[in-house]
Participant: 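Next up is a structure, given as structure tokens.
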Amino acid sequence: MITDKDRIDWLEKITEDGACPAVVNDDNGHWAVVFNGFQNVPDGDGPQDIQTTFFIKAGQWFDSIRDAIDNAINAGG
């Protein structure tokens, strides 16, 4: 059984491998984990304003954040 720690560890691990996941909520109770989108390129290492756009297919939305992360894990991230 996958734990919340496993989920967070997976998200951190894939970023170390170069992935850039986004956990997105649609303000209607649905969650998605996506990897494709557009954003301005940050200049430097410190926190800064970022504008981000994603295209999320209907099948990528889940009723829980856990299901969204599990789907991304099972899809191979």
Participant: Tell me if a side-chain donor or acceptor on D70 pairs with a main-chain N or O of D67 at a distance below 3.5 Å.
Facilitator: no

Participant: Please give me the minimum heavy-atom distance between V33 and Q60, naming the atom from each residue.
Facilitator: O-NE2, 4.3 Å

Participant: Is there a side-chain contact (heavy atoms from CB on, under 4.5 Å) between K13 and D17 once you walk through the steps?
Facilitator: CA-CA 6 Å; K13 170 75 169 89; D17 294 340; 2.8 Å; yes

Participant: When you look at V24 and W61, which way does the side-chain contact (heavy atoms from CB on, under 4.5 Å) test go after all the steps?
Facilitator: CA-CA 9 Å; V24 181; W61 291 109; 4.0 Å; yes

Participant: Look at the side-chain heavy atoms of Ile, Leu, Val, Met, Phe, Trp and Tyr, link any pair under 4.5 Å apart, and say whether I65 and W10 land in one connected group.
Facilitator: yes

Participant: Using modelled atom types and a 3.5 Å cut-off, is there a donor and acceptor pairing between side-chain atoms of Q51 and backbone atoms of D49?
Facilitator: no

Participant: As an exercise, state the distance from CG of D63 to CG of N28, rounded to the nearest 0.5 Å.
Facilitator: 9.5 Å

Participant: Do W31 and V23 touch side chain to side chain, with heavy atoms closer than 4.5 Å?
Facilitator: yes

Participant: With rounding to the nearest 0.5 angstrom, report the CD to CG distance, Q48 to N40.
Facilitator: 7.5 Å

Participant: If you compare all heavy atoms of M1 against all heavy atoms of D6, which two are closest, and at what distance to 0.1 Å?
Facilitator: O-OD2, 4.0 Å

Participant: About how many Å separate CG of D26 and CD1 of I56, when rounded to the nearest 0.5 Å?
Facilitator: 8.0 Å

Participant: Minimum heavy-atom separation for F35 to P21, with atom names?
Facilitator: CE2-CB, 3.5 Å

Participant: Rounded to the nearest 0.5 Å, how far does CG of N36 lie from OG1 of T53?
Facilitator: 13.0 Å

Participant: Roughly how far apart are I69 CD1 and I8 CD1, rounded to 0.5 Å?
Facilitator: 5.5 Å

